[in-house]
Amino acid sequence: MKVKSLHYSKVGNAQIISGRLGEIYKCVSDQIPPAYPCESEKIVFIGIETSKKIDRPVVDFCKTLTPARAQNVAFYIIGGSDTSGLDPVKQAIQANGVNVAGDTLVIPVKSGLFKKGRISDSDVETAVKWAADITDHKLK
């Protein structure tokens, strides 16, 4: 199965999960915008470190996805629990004929006054199980 794992990571949390998914699925793990465009991917996992306002590079990249580039896209968000900022991005992808696979995974991370929060090993494993559910049950 052709898979790509992408992230938009300011703190590095999404990059950790993206890298782990890349190891498991033996695929490219890259930042958005990726060095090489998606081509004939069965699924693209996209990790974002915000839920309120999706950053312009993510929006612009997602608008370029077509069925020739990716059949399915699955999102995970690290941060707040409000995923409504992702709705216009999902609508744009679906308008292009690309399926949004599974539910958006939300990984809450608390940050302190002077430093950003970090994900735990348990958070990474939650993301791995979420990805396995999507690839094993929904895309075969």
Cluster overlap [X] with [Y], hydrophobic side-chain contacts below 4.5 Å:
X	Y	result
Leu86	Val106	no
Phe45	Val124	yes
Val28	Leu21	no

Locate the shortest heavy-atom distance separating [X] from [Y]; write the atom from each residue and the value.
X	Y	answer
Gln71	Lys42	CB-O, 3.7 Å
Gln15	Ser9	N-OG, 3.4 Å
Ala74	Ile43	CB-CD1, 4.1 Å

Looking at [atom1] of [X] and [atom2] of [Y], how far apart are the two atoms once the value is rounded to the nearest 0.5 Å?
X	Y	atom1	atom2	answer
Lys129	Asp136	NZ	CG	13.5 Å
Glu49	Ile54	CD	CD1	11.5 Å
Thr135	Tyr25	OG1	OH	3.0 Å
Ser29	Ile16	OG	CD1	11.0 Å
Gln94	Asn99	CD	CG	7.0 Å
Leu6	Phe61	CG	CZ	5.0 Å

Return yes if some donor-acceptor pair links the side-chain N/O of [X] with the main-chain N/O of [Y] below 3.5 Å, else return no.
X	Y	value
Arg118	Val11	yes
His7	Asp30	yes
Asn96	Lys63	yes

Tell me, please, which residues at least two apart from [X] pass side chain to side chain donor-acceptor pair (under 3.5 Å).
X	value
Asp60	Arg56
Lys2	none
Arg69	none
Ser120	Asp123

Next on the checklist: Going by salt bridge (charged side-chain N to carboxylate O under 4.0 Å, His left out), name the pairs with one or both residues in residues 5-17, residues two or more places apart or in two chains.
Outcome noted: Lys10-Asp55
Item to check | Tyr76: ring-ring contact (aromatic ring centres under 6.0 Å, His included) partners, not counting sequence neighbours | outcome: Trp130
Should [X] and [Y] count as side-chain neighbours, where that means a heavy-atom distance under 4.5 Å?
X	Y	answer
Val89	Phe75	yes
Cys62	Val73	no
Ile17	Ile78	yes

